[in-house]
Asks: 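Mind having a look at this structure? Questions to follow.
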Amino acid sequence: MTTQKRPARTVVVTAHTGREPAVDSARLVIHRLVGAGLRVRVFDVEAEEIACPGVEVVPADPASLHESELMMVLGGDGTLLRAAEMARPAGVPLLGVNLGHVGFLAEAEVADLGAAVDRVADGRYEVEERMTVEVAIRLNGSTLAETWALNEATVEKVDRMLELVAEIDGRPLSRWGCDGVICATPTGSTAYAFSAGGPVVWPEVEALLMVPISAHALFARPMVVSPRSTLAVEIVPETSAGVLWCDGRRRFDVPPGARVEVRRGTVPVRLARLLGVETTGAPFTDRLVAKFGLPVEGWRGRVRSP
């Protein structure tokens with residue numbers, strides 16, 4: 001009787017190769033994964049900088065993630081957003097290791113890198129899906145561009161203040177003279193929307209956010225609406241043009257008279273969360289406290305009866 005050999009588990013490792021600590025960390029990750037019997041892939045555009053033996057070099061393309069179990073991303077949130085552009089269409093989960101500043105999307109810190117790799121090698125992680133948004137620019141019935149975002153789609157001024165009308169579910173809400181409008185997901189609530197004064201939304205809450213930026217209007221509050229809603233921003237004709245940014249990475253011109261429509265995406269981004277001995281990775285509340293250094297001294301928790 002012949003025993004069929006089980007194929008090796010495959011992990012893709014990508015890093016911010018412009019930072020030496022990220023390259024060093026990538027080598028450590030690869031060394032430990034290969035030592036644990038996993039197959040490791042790196043992208044051709046990063047292979048020379050990482051220069052690590054025992055890896056499979058593949059093109060930086062979603063097709064290269066075929067049969068990959070996981071993508072480990074070493075860098076900040078910007079590096080993870082770049083990786084999401086390939087991982088999302090492939091359906092491969094991302095596990096971020098933070099080497100940046102705040103790093104809300106990352107699951108592990110560089111100080112805990114060894115333990116994080118060991119958990120990956122042991123398969124001790126779970127996968128959660130994060131909502132995305134689909135974005136379209138339309139003008140006089142024509143579609144000028146279509147794209148997507150994990151954090152936010154932002155219509156911003158180029159040089160002069162924007163004059164625009166905000167719309168929710170096909171009905172006009174208000175006209176604003178402003179620097180722009182952010183349409184964000186719960187994941188993006190701790191990114192640009194947070195800096196603009198928007199609320200923090202826990203990732204498991206299904207909602208969309210609309211946050212005006214420096215609006216000259218009496219009513220210009222951040223709004224949280226249903227995930228089934230459609231948000232739209234129309235630039236008033238014969239005023240200044242704007243620009244659309246998605247996750248701060250993809251840029252599109254928005255001419256006067258055009259509208260930007262934002263709705264819930266059909267394809268999520270999958271994020272890996274490490275499992276501990278008894279519980280899952282740190283709850284979102286703990287992440288907020290750690291990332292922002294929030295004061296919690298004096299907290300006693302629920303007092304339980306003996």
Side-chain angles (χ1 to χ4, degrees), residues 81 84-85 88-89 129-157 162-215 217 219-237 239-270:
L81 288 169
E85 295 175 357
R88 176 177 175 258
E129 294 187 343
R130 292 293 184 92
M131 179 194 302
T132 58
V133 288
E134 293 174 355
V135 189
I137 305 174
R138 308 193 195 279
L139 177 63
N140 299 328
S142 299
T143 301
L144 303 184
E146 290 181 312
T147 185
W148 70 282
L150 170 60
N151 274 348
E152 73 280 306
T154 307
V155 180
E156 301 178 26
K157 68 177 184 179
L162 283 178
E163 288 289 338
L164 50 80
V165 178
E167 171 191 302
I168 297 178
D169 293 329
R171 302 301 303 160
L173 176 70
S174 184
R175 176 168 170 162
W176 295 319
C178 59
D179 287 350
V181 176
I182 303 168
C183 299
T185 65
T187 300
S189 71
T190 50
Y192 194 178
F194 178 84
S195 301
V200 174
V201 181
W202 265 237
E204 60 268 24
V205 175
E206 295 194 337
L208 292 173
L209 286 71
M210 178 177 275
V211 183
I213 306 171
S214 304
F219 178 83
R221 299 296 183 188
M223 287 155 283
V224 182
V225 302
S226 164
R228 297 179 296 278
S229 291
T230 298
L231 311 181
V233 174
E234 293 186 353
I235 296 185
V236 176
T239 62
S240 298
V243 61
L244 168 69
W245 282 99
C246 288
D247 289 339
R249 291 187 50 81
R250 297 175 293 282
R251 181 190 189 279
F252 304 86
D253 293 330
V254 185
R259 59 186 273 123
V260 176
E261 297 173 356
V262 180
R263 54 174 52 84
R264 181 179 188 163
T266 56
V267 181
V269 168
R270 307 178 75 215

Asks: If you measure from CG on L81 to CZ on R250, what distance do you get to the nearest 0.5 Å?
Replies: 8.0 Å
Asks: Does one side chain, of E134 or T266, offer a donor that lies under 3.5 Å from an acceptor on the other?
Replies: yes
Asks: Measure across L208 and S226 and return the closest heavy-atom pair with its distance rounded to 0.1 Å.
Replies: CD1-O, 4.0 Å
Asks: Could you tell me whether the side chain of P203 reaches within less than 4.5 Å of the side chain of R130, counting heavy atoms only?
Replies: yes
Asks: Does R251 have more than 12 heavy atoms from other residues, nucleotides or ligands lying within 6.0 Å of its CZ?
Replies: yes
Asks: Testing the basics here: between T190 and T187, what is the closest heavy-atom pair and its distance to 0.1 Å?
Replies: OG1-O, 3.5 Å
Asks: Just how far is it from atom CZ of R264 to atom OG1 of T230, taken to the nearest 0.5 Å?
Replies: 12.5 Å
Asks: Using 0.5 Å steps for rounding, measure from the CD1 atom of I182 to the CE atom of M210.
Replies: 11.0 Å
Asks: How about F194: does its CZ atom have over 12 heavy atoms from other parts shown lying under 6.0 Å from it?
Replies: no
Asks: Say whether, by atom type as modelled, one donor and one acceptor occur between the side chain of T154 and the main chain of E156 under 3.5 angstrom.
Replies: no
Asks: Picking from D253, L144, V254, what satisfies side-chain contact (heavy atoms from CB on, under 4.5 Å) with L244?
Replies: V254
Asks: Looking at OG1 of T185 and CG of N151, how far apart are the two atoms once the value is rounded to the nearest 0.5 Å?
Replies: 5.5 Å
Asks: What's the shortest heavy-atom distance between C178 and I213, and which atoms?
Replies: CB-O, 3.4 Å
Asks: Heavy-atom distance under 4.5 Å between the side chains of C183 and V133, does that happen here?
Replies: no
Asks: Determine the minimum heavy-atom distance between M131 and E206, stating which atoms define it.
Replies: CE-CA, 3.8 Å
Asks: Distance from E85 atom CD to D247 atom CG, nearest 0.5 Å?
Replies: 8.0 Å
Asks: Looking at every non-hydrogen atom in both residues, tell me the closest pair between V224 and P199 and how far apart they are.
Replies: CG2-CG, 3.8 Å
Asks: Test your reading of the model: is there a side-chain donor-acceptor pair from W176 to the backbone of F219, 3.5 Å cut-off?
Replies: yes
Asks: Let me confirm one number: the CD-CZ distance from E234 to R175, rounded to the nearest 0.5 Å.
Replies: 11.0 Å
Asks: Would you say T147's side chain and V135's backbone share a donor-acceptor pair under 3.5 angstrom?
Replies: no
Asks: List the atom of I235, the atom of G242, and the distance in Å for their closest heavy-atom pair.
Replies: CD1-N, 3.6 Å
